[in-house]
Amino acid sequence: MTQPHLQLPPARPANEAEARAVQDALRDRVVLDEPGPSPAEPLVAVGVDVAYDDARDVVAAAAVALDADSLTVLAEATAVGRVAFPYVPGLLAFREIPTVLDALGRLAVTPGLVVCDGYGVAHPRRFGLASHLGVLTGLPVVGVAKNPFAFRYEPPGPHRGDSSPLLDGTEEVGRALRTRDGVKPVFVSVGHRVGLETACAQVLRLTRGYRLPETTRAADTLCRRALKDA
DNA sequence: GCGACAG
DNA sequence: ATCTTGTCGC
């Protein structure tokens, strides 16, 4: 099982205090001064997602690579593992990342951009799942969340493409982005090696007809199937 | 101190 | 995340 994108092995903290210490130690490695892949150029966009069966202690991850323009599936990969960490708000990455890395490592193409569920720098310690995954892989990563977590926002305009700041106090940590007319926005934040403008543009590019990007929809479907077959 | 809180 | 069918509406 090769993992061509791996820069750092995933930490396996034994408790919450250790997990927070890992986040504090790694967050300085997040790169925020790159614009990221241009929405005007061809792109291999990879969606990652995870499904759980806590009763069986099983977790299944999926990575699906799409051509960002045609939305054609270029490659798929899955991985199955043991649940490595409980769900704790702020520590989601430790629950998802080990199996996600396995799936990414089995993907036959190199991602130009990874899209994951959850947040990047919109995080209590500015090191959410998307940033964590970015630092470990070195890849550009954006986070797309379905809920505003602990942050505040004013509703964006009613049309697709409208957005408003996602705020932690007065600091903009992401954007509430309307991906469909009149539908609840998604919450986009930068993970690693992508700017917020580009992140939103790419999320819109990958979203057609549904609230969520096709990358996450495809990964969601695949990891659920992988969990059943596990 | 208590509750809320990505998935 | 997960428990879960049909149904109302564009």
Side-chain angles (χ1 to χ4, degrees), chain A residues 10 13 16 19-20 22-23 27 30 47-64 78-101 103-104 114-135 141-153 158-160 166-169 171-177 179-192 196 199 203 208-213 215-228 230:
Chain A
E16 297 184 18
R20 286 187 205 95
V22 170
Q23 292 179 330
R27 71 176 168 200
V30 176
V48 295
D49 195 16
V50 168
Y52 301 95
D53 184 340
D54 284 298
R56 284 192 304 157
D57 192 38
V58 173
V59 51
V64 181
T78 61
V80 175
R82 298 293 189 123
V83 178
F85 208 82
Y87 172 66
V88 180
L91 301 179
L92 176 65
F94 298 97
R95 185 166 166 82
E96 307 225 329
I97 275 186
T99 317
V100 165
L101 286 175
L104 274 177
V114 177
V115 180
C116 62
D117 287 32
Y119 283 116
V121 298
H123 179 273
R125 286 168 295 284
R126 299 294 179 269
F127 196 67
L129 174 61
S131 296
H132 202 143
L133 187 60
V135 165
V141 185
V142 302
V144 179
K146 298 182 283 296
N147 299 294
F149 199 16
F151 306 106
R152 301 214 163 271
Y153 70 102
H159 300 303
R160 169 178 161 87
L166 185 68
L167 300 173
D168 186 355
E171 182 180 353
E172 181 177 26
V173 293
R175 215 102 92 187
L177 177 64
T179 53
R180 291 194 69 189
D181 289 1
V183 173
K184 174 180 176 175
V186 299
F187 304 91
V188 177
S189 66
V190 161
H192 183 63
L196 188 52
V203 168
R208 328 238 171 121
Y210 295 88
R211 179 165 83 116
L212 298 176
T215 36
T216 65
R217 286 167 41 78
D220 181 81
T221 300
L222 183 57
C223 72
R224 291 189 198 225
R225 192 162 64 70
L227 183 63
K228 281 188 178 181

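The structure displayed is predicted, hence computed values, not measured ones. Per chain, numbering begins at 1; letters A, B, ... match sequence-line order.
- Judged as a salt bridge (charged side-chain N to carboxylate O under 4.0 Å, His left out), and not counting sequence neighbours, the contacts of A:Lys146 are A:Asp117.
- Checked against salt bridge (charged side-chain N to carboxylate O under 4.0 Å, His left out), A:Arg95 has the following partners two or more places apart in sequence or in another chain: A:Asp54.
- The closest side-chain heavy-atom distance from A:Val135 to A:Val30 is below 4.5 Å.
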Between protein and nucleotides 3-10 of chain C, map the contacts as a letter string: B base, S sugar-phosphate only, - none, heavy atoms under 4.0 Å, written 5' to 3'. --------
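- Residues passing the side-chain contact (heavy atoms from CB on, under 4.5 Å) test with A:Pro89, sequence neighbours excluded: A:Tyr87, A:Phe149.
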Pair pattern of DNA chain C in dot-bracket, where unpaired bases get dots and | marks partners in another strand, Watson-Crick or G-U under 3.5 angstrom: ..........
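- Taking atom OH on A:Tyr52 and atom P on B:dG7, their separation rounds to 11 Å, with Å as the unit.
- The one candidate from A:Tyr119, A:Phe151, A:Tyr153 that meets the ring pair (Phe, Tyr, Trp, His ring centres under 6.0 Å) condition with A:Phe187 is A:Tyr153.
- Ring planes of A:Phe85 and A:Phe94: tilted class, angle from 30 to 60°.
- A:His159 places a side-chain heavy atom less than 4.5 Å from the side chain of A:Asp181.
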If you restrict it to nitrogen or oxygen atoms, what contacts under 3.5 Å exist between nucleotides 2-6 of chain B and the protein, and what is each distance?
unit_1: B:dA6; atom_1: OP2; unit_2: A:Tyr87; atom_2: OH; d: 3.2
unit_1: B:dA6; atom_1: N7; unit_2: A:Gly90; atom_2: N; d: 3.2
unit_1: B:dA6; atom_1: N6; unit_2: A:Gly90; atom_2: O; d: 3.1
unit_1: B:dA6; atom_1: N6; unit_2: A:Leu91; atom_2: N; d: 3.4
unit_1: B:dA6; atom_1: N6; unit_2: A:Leu92; atom_2: N; d: 3.3
unit_1: B:dA6; atom_1: N6; unit_2: A:His123; atom_2: NE2; d: 3.4
unit_1: B:dA6; atom_1: N1; unit_2: A:Leu129; atom_2: N; d: 3.2
unit_1: B:dA6; atom_1: N3; unit_2: A:Tyr119; atom_2: N; d: 3.1

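- Summarising the geometry of A:Tyr210 relative to A:Arg217, their closest heavy-atom pair is CE1-NH2, 3.3 Å, with the distance given to 0.1 Å.
- Here B:dG7 presents its P atom at 9 Å from CG of A:Asp49, a figure rounded to the nearest Å.
- When atom types are taken as modelled, the side chain of A:His132 and the backbone of A:Phe127 share no donor-acceptor pair closer than 3.5 angstrom.
- Counting to the nearest Å, the C1' atom of B:dG7 and the CG atom of A:Leu212 are 13 Å from each other.
- No side-chain heavy atom of A:Thr78 sits under 4.5 Å from any side-chain heavy atom of A:Arg225.
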